[in-house]
Amino acid sequence: MSEKVYTRYLETSVYTYAGQYKDFLLSLPDDIRSIGMLVCDQITHPSMYFTQPSPYLENTYYGAFASYPKHRFKNEDELYITAVAMIAGILRLDERGFTKDRDVTKRITVSCRHASVLFSAILKAKGIPCRSRAGFMDFGDMGDSYMEHWVNEYWSFEESRWVLVDVDGYYEYEERFGYSQFDLPRRKFVTASEAWLGLRKGTLHKKLDVFSTNALEGACEYLLMDFHALMNNEIFYSYQPVYLRSGIRALKESELRELDDLAELLADPDQNIEQIECLWRTNEKLSVLTNHTQNVYADTFR
């Protein structure tokens, strides 16, 4: 692969820029597994509070969930959108730095997109090309259900390949399935483009668990997030193009085909990087975003 392709993922965004924390990130371990484990150790996923807490996770990693301060949000995603904000939040809770085996009261509670952004920021600071990817993950290793998820790919200079990594949680932390979450088999992850095209063509024989009204809606949201992530713009969940505010059902067939074309390009981002970048520069319909707050103000003052 062209050096130009992977070196572009040394560039940072407003989300992955380390700023005054760069020297701190450089002080962290250099090997991928150690970095990944440290990221896991600083974060608690919000879903821990929406389901029955696991005694195993409490006893092994987190401490008692009941000790989590009642005044704190049980989902802090909106507080920590950028890597700088996450690092500051982690250090505020424990000034010793990125520590192992943090109690739940000393962790920030953020979801997979945030873990991915933080990991990207660390690797970019260390001179390792890294990119966030939005798609669908098989957490159970059975291949029968895939959930919305963000992961990372980092460029291995030794092996000349993108390595698939997930730094959100402990589902494979101990290599229960015979491999580590810091070098996942490709079958574990369905890209947003694969999901979108498979649903549109009726060839996706995998169940997608999405938070949207239907699978195609969820695939569309993740397709746009993956497009932006590949352009080093790891957007927040609520950021979407204006024309998608009314959902998939409001789109014309020509607009659906436009998304088909985008998905075809994202299916092989390295091969199609110049065309993807051209879309990024010229197609404001896909690259200019709104969010829920802007929508509210727009509707109020219309």
Side-chain angles (χ1 to χ4, degrees), residues 13-15 46-47 50 73 75 77-79 81-82 110-114 116-117 132-137 145-151 190-204 206-267 269 272 275-302:
S13 66
V14 65
Y15 306 109
S47 66
F50 303 147
F73 291 121
N75 183 332
D77 278 354
E78 293 186 15
L79 296 180
I81 293 178
T82 67
V110 293
S111 55
C112 55
R113 176 260 173 201
H114 294 57
S116 174
V117 166
S132 295
R133 300 298 306 269
F136 302 86
M137 176 66 76
S145 183
Y146 291 74
M147 297 184 66
E148 296 178 356
H149 201 51
W150 283 63
V151 294
V190 173
T191 64
S193 58
E194 180 185 349
W196 172 266
L197 292 172
L199 289 169
R200 286 275 288 160
K201 297 175 181 179
T203 58
L204 185 68
K206 297 169 182 175
K207 178 185 176 184
L208 299 184
D209 290 330
V210 300
F211 295 105
S212 301
T213 54
N214 59 65
L216 191 63
E217 195 89 44
C220 179
E221 292 172 359
Y222 271 69
L223 183 69
L224 270 298
M225 287 191 287
D226 197 42
F227 169 52
H228 279 258
L230 285 167
M231 293 294 96
N232 284 319
N233 188 43
E234 305 84 357
I235 57 177
F236 190 57
Y237 301 108
S238 62
Y239 300 171
Q240 287 287 310
V242 176
Y243 83 106
L244 289 174
R245 285 175 57 185
S246 300
I248 286 292
R249 291 183 179 86
L251 297 186
K252 302 174 183 177
E253 182 58 31
S254 59
E255 292 174 314
L256 292 173
R257 287 197 297 270
E258 183 180 48
L259 292 172
D260 292 342
D261 293 340
L262 174 64
E264 293 284 1
L265 292 175
L266 299 189
N272 300 320
Q275 291 168 275
I276 297 170
E277 289 178 337
C278 181
L279 273 181
W280 174 254
R281 293 192 304 269
T282 62
N283 191 328
E284 293 186 0
K285 189 176 181 180
L286 297 174
S287 60
V288 177
L289 306 177
T290 184
N291 62 36
H292 294 323
T293 302
Q294 289 174 321
N295 291 346
V296 170
Y297 282 118
D299 292 340
T300 300
F301 296 105
R302 191 180 298 270

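Index from 1, following the sequence. Since the model is a prediction, treat every value here as computed from it, not as a measurement.
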Worksheet item: Given the rule in the side chain to side chain contact (heavy atoms under 4.5 Å, CB included) test, do I276 and L279 qualify, once you have shown the distances and angles that lead to the verdict?
Response: CA-CA 5 Å; I276 297 170; L279 273 181; 5.7 Å; no

Item to complete: Let me see the working for R200 and E264 under salt bridge (charged side-chain N to carboxylate O under 4.0 Å, His left out), right down to the final yes or no.
Response: CA-CA 12 Å; R200 286 275 288 160; E264 293 284 1; over 6 Å; no

Worksheet entry | Stepwise side-chain hydrogen bond (donor to acceptor under 3.5 Å, both in side chains) check, Y15 with S132 | CA-CA 11 Å; Y15 306 109; S132 295; over 6 Å; no

Practice prompt. Evaluate side chain to side chain contact (heavy atoms under 4.5 Å, CB included) for K206 paired with E194, printing each intermediate quantity in order.
Written response: CA-CA 11 Å; K206 297 169 182 175; E194 180 185 349; 3.7 Å; yes

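Tested against W196, the residues L259, L204, L266 include a single side chain to side chain contact (heavy atoms under 4.5 Å, CB included) partner, L259.
Looking only at side-chain heavy atoms (C-beta outward), L224 and Q240 come within less than 4.5 Å of each other. A heavy-atom distance below 4.5 Å is found between the side chains of E78 and F236. Side-chain contact between N214 and R249 is present, with heavy atoms from C-beta onward closer than 4.5 Å. Looking only at side-chain heavy atoms (C-beta outward), F136 and M147 stay at 4.5 Å or farther from each other.
In this structure, E255 contributes its side chain and K252 its backbone to a donor-acceptor pair below 3.5 Å.
Closest non-hydrogen pair, T203 versus L197, comes out as OG1-O, 4.4 Å. Contact record, G218 with E148: CA-OE2, 4.3 Å, taken as the closest heavy-atom pair. Closest approach of I235 to R113, counting heavy atoms only: O-NE, 3.4 Å. Heavy-atom minimum distance, L208 versus A195: CD1-CB, 3.8 Å. In terms of heavy-atom proximity, P269 sits nearest to L230 at CB-CD1, 3.8 Å. Smallest separation of non-hydrogen atoms from H228 and S287: CE1-O, 3.3 Å.
Enclosure of atom OH in Y243 by more than 12 non-hydrogen atoms of other residues, nucleotides or ligands within 6.0 angstrom is indicated. Within a 6.0 Å radius of NZ in K285, more than 12 heavy atoms belonging to other residues, nucleotides or ligands are found.
Under the rule for a side-chain hydrogen bond (donor to acceptor under 3.5 Å, both in side chains), E284 has no partner lying at least two apart in sequence or in another chain. For E277, the side-chain hydrogen bond (donor to acceptor under 3.5 Å, both in side chains) partners at least two apart in sequence or on another chain are R8.
Considering CG of N283 and CZ of F227, their distance stands at 7.0 Å, rounded to 0.5 Å.
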